[in-house]
A.B. asks: 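What follows is a single structure, and I will ask about it in a moment.
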There are 2 protein chains.
Amino acid sequence: MTSRALENKPATNKRQAILDTALNLFVTQGFHGSSTAQIARQAGVATGTLFHHFSSKEMLLNELFLSIKQEFAEDILQVFQGLDLDTHPQRSLKASAQKLWNRAIDWAIANPIKQRFFLLYALSPELAVDVREQAMNSILGFISKLLTQGQAMGEIVTFPLGLMLDNCHGQYLASIRFFTDYPALGQDPLHREASFELFWRSIKA
Amino acid sequence: MTSRALENKPATNKRQAILDTALNLFVTQGFHGSSTAQIARQAGVATGTLFHHFSSKEMLLNELFLSIKQEFAEDILQVFQGLDLDTHPQRSLKASAQKLWNRAIDWAIANPIKQRFFLLYALSPELAVDVREQAMNSILGFISKLLTQGQAMGEIVTFPLGLMLDNCHGQYLASIRFFTDYPALGQDPLHREASFELFWRSIKA
DNA sequence: GTCTATATGATGATAGAC
DNA sequence: GTCTATCATCATATAGAC
């Protein structure tokens, strides 16, 4: 269902089938609970093919994580397409934040398994630490800039930045957990707006 | 270091050694990444002993999760010792909430590995669903009561309860993640108060 | 790129002595 | 309760033909 424009990797169908299958199995059975043999079989390829595309099971996990994180980042950052935050700060910070918030919620609702995968493996010891940090910084760096700017404009409360970043992330995770548990409520304006309001009330000046 | 008064289970030293070792290994290596042989060896017992105390590896995980959750619940609920919420609503809801918040943060800082274990396995497919739900309800039921009462008194904002519960939980998880990443800041009053203020601002009326 | 076949070691769990 | 010894199975990864 997902449009895959701009593929830079020479991804054959088999390679993508392996990634898709691994995603589902890692989420439902855990990393060590899903054997490479099972992944290969369910993807309709041979184990030799799996190890041709991924040098090890760990590398498969790492590449899967990075590809999903990138897909997420590319999607939500489109909210600010053609908008340079360094030179043109937002007039209405709240409106921008709400746009970003809603887009992120929408992505999670549209991609529940990928969201769940991220929830499960963002903290897991199976994932290489540098991969985790690399993925985090690409997104949190952007949010960090938004918060600092908001503080300078007097629209955002001035608590320690690191704490606020983790708090924003935590509230986002809580929201998408709620909406993936109750997908129907994701279309209910009352719940959608409440989820953003809870978030905004905590950080506004 | 932890005082273990009131042990109701006939826990021999070996049984507890297995639980302690499993906790550490499950956190650092994952569930399927830690073999029963390794757990037994590192706990200083034979594999036969492990399977004498726990019928399977999965049961070991389940019992470990429940024991940690219970330990956590017993600790933080002491804040309200001798206080019946049904008959005596709080005069100062904010003060009570802050006491509870601080106690929970303190527990996480004092028990970083148990906290991390919970973070990792609360969502993981390896944990039996009924075990997860049983553990959750015991604590969230209490918070739920607090929120509803606060709403009735006009001190808490009236957003949908389920959403607010997940949000509270999410903000707590974010805070303890921050404080376990930077334990020194856990003693800094500025950061401690900021973490609660972020939380309180989002839910106060 | 993809396959089949396989090497090599580890895995969860059990049996039965003490 | 605790141990040693062991089974049957499954794990990751490789070799080499096509």
Side-chain angles (χ1 to χ4, degrees), chain A residues 4 7-65 67 117 120-121 124-128 131, chain B residues 4 7-65 67 117 120-121 124-128 131:
Chain A
R4 281 187 220 286
E7 273 171 320
N8 42 3
K9 293 230 173 177
T12 61
N13 289 342
K14 303 263 175 186
R15 184 192 153 92
Q16 192 57 47
I18 293 167
L19 282 171
D20 291 344
T21 306
L23 168 65
N24 279 286
L25 289 181
F26 286 166
V27 166
T28 53
Q29 305 184 341
F31 178 67
H32 290 284
S34 313
S35 72
T36 50
Q38 185 187 16
I39 295 168
R41 190 178 351 110
Q42 195 161 318
V45 307
T47 72
T49 307
L50 189 153
F51 284 99
H52 171 75
H53 287 289
F54 307 94
S55 59
S56 72
K57 195 186 173 187
E58 284 217 329
M59 284 304 302
L60 169 58
L61 177 67
N62 291 342
E63 291 201 35
L64 182 59
F65 189 86
S67 79
F117 170 79
L120 279 173
Y121 287 93
S124 120
E126 280 98 2
L127 192 72
V131 172
Chain B
R4 281 188 219 284
E7 273 172 320
N8 43 2
K9 292 230 175 179
T12 62
N13 289 341
K14 303 263 176 185
R15 185 192 153 92
Q16 191 59 47
I18 294 167
L19 282 171
D20 292 344
T21 306
L23 168 65
N24 278 285
L25 290 181
F26 286 166
V27 166
T28 53
Q29 305 183 341
F31 177 67
H32 290 283
S34 313
S35 71
T36 51
Q38 186 187 16
I39 295 168
R41 190 179 350 109
Q42 196 161 316
V45 306
T47 72
T49 307
L50 189 153
F51 284 99
H52 170 75
H53 287 289
F54 307 95
S55 60
S56 74
K57 195 185 173 188
E58 284 216 331
M59 284 303 302
L60 169 58
L61 177 68
N62 291 343
E63 291 202 34
L64 182 59
F65 189 86
S67 78
F117 171 80
L120 280 172
Y121 288 92
S124 121
E126 281 98 2
L127 192 71
V131 172

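A note on names: the letters A, B, ... follow the listed sequences, proteins ahead of strands, and every chain is numbered from 1. Since this is a predicted model, take the numbers as computed values, not measurements.
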A.B. asks: How many whole angstroms separate atom CG of A/Leu25 from atom P of D/dA11?
C.D. replies: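 In whole Å, D/dA11 P lies 12 Å from A/Leu25 CG.
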
A.B. asks: For the residue pair A/Val27 and B/Pro125, what are the closest heavy atoms and their distance?
C.D. replies: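 Looking at all heavy atoms of both residues, the closest pair is O-CG, 3.3 Å.
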
A.B. asks: Phosphate oxygens OP1/OP2 of C/dT11: is one of them under 4.0 Å from a side-chain N or O of B/Lys57?
C.D. replies: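 So the side chain of B/Lys57 is outside the cut-off, no N or O lying under 4.0 Å from OP1 or OP2 of C/dT11.
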
A.B. asks: Could you check which of D/dT2, D/dA13, C/dA13 has an atom nearest any side-chain atom of B/Thr49?
C.D. replies: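 Selected nucleotide: D/dT2.
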
A.B. asks: Counting side-chain heavy atoms from C-beta on, which of C/dG12, D/dA13, C/dC3 comes nearest to A/Val45?
C.D. replies: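 The nucleotide sitting nearest to the side chain is C/dC3.
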
A.B. asks: Does C/dT11 have OP1 or OP2 under 4.0 Å away from a side-chain N or O of B/Ser35?
C.D. replies: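 B/Ser35 to C/dT11 OP1/OP2: side-chain N or O found under 4.0 Å.
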
A.B. asks: Could you tell me the separation between the CG atom of B/Leu50 and the C1' atom of D/dT4, rounded to a whole number of Å?
C.D. replies: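 Rounded to whole Å, this separation is 15 Å.
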
A.B. asks: What is the distance, to the nearest angstrom, from the CZ atom on A/Phe31 to the C1' atom on D/dT12?
C.D. replies: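 It is 10 Å, rounded to the nearest whole Å.
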
A.B. asks: Can you tell me how far C1' of D/dA11 sits from CD of A/Gln38, to the nearest Å?
C.D. replies: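 Going from A/Gln38 (CD) to D/dA11 (C1'), I get 12 Å.
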
A.B. asks: Please evaluate residues B/Phe31 and B/Leu60 with respect to the criterion side-chain contact (heavy atoms from CB on, under 4.5 Å), reporting the C-alpha separation (whole Å), side-chain torsions for both, the decisive distance (0.1 Å), and the verdict.
C.D. replies: CA-CA 10 Å; B/Phe31 177 67; B/Leu60 169 58; over 6 Å; no

A.B. asks: Rounded to the nearest Å, what distance is computed from the CZ atom of residue B/Phe51 to the P atom of nucleotide D/dT2?
C.D. replies: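 Result: 15 Å.
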
A.B. asks: To the nearest Å, give me how far apart NE2 (A/His52) and C1' (D/dA17) are.
C.D. replies: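 The distance from NE2 of A/His52 to C1' of D/dA17 comes to 15 Å, rounded to the nearest Å.
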
A.B. asks: For A/Leu61 and D/dA13, give me the distance from atom CG to atom P, rounded to whole Å.
C.D. replies: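 Going from A/Leu61 (CG) to D/dA13 (P), I get 12 Å.
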
A.B. asks: May I ask you to verify if any side-chain N or O of B/His53 is less than 4.0 angstrom from the OP1 or OP2 atom of D/dT2?
C.D. replies: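 Checking B/His53 against D/dT2: at least one side-chain N or O falls below 4.0 Å of OP1 or OP2.
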
A.B. asks: Rounded to whole Å, please give me the gap between CZ in B/Arg41 and P in C/dT11.
C.D. replies: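 Taking CZ of B/Arg41 and P of C/dT11, I get 8 Å after rounding.
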
A.B. asks: Does any N or O in the side chain of A/Thr28 come within less than 3.5 Å of the main-chain N or O of A/Asn24, such that one atom is a donor and the other an acceptor?
C.D. replies: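 Present.
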
A.B. asks: Counting distance only, does the side-chain N/O of B/Tyr121 pair as donor-acceptor with the main-chain N or O of B/Phe26 below 3.5 Å?
C.D. replies: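 Checked: pair present.
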
A.B. asks: Base, sugar-phosphate alone, or nothing: which one does B/Ser56 contact when heavy atoms must sit under 4.0 Å apart?
C.D. replies: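 Sugar-phosphate contact only.
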
A.B. asks: Is there a side-chain contact (heavy atoms from CB on, under 4.5 Å) between B/Thr36 and B/Thr47? Walk through the geometry before answering.
C.D. replies: CA-CA 7 Å; B/Thr36 51; B/Thr47 72; 5.7 Å; no

A.B. asks: Look at the side chain of A/Ala46 and decide which nucleotide, out of C/dT4, D/dC3, D/dT12, has an atom nearest to it.
C.D. replies: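 Closest nucleotide among those given: C/dT4.
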
A.B. asks: In terms of side-chain heavy atoms of B/Thr47, which of D/dA13, C/dT14, D/dT2 is nearest?
C.D. replies: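 Nearest nucleotide to the side chain: C/dT14.
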
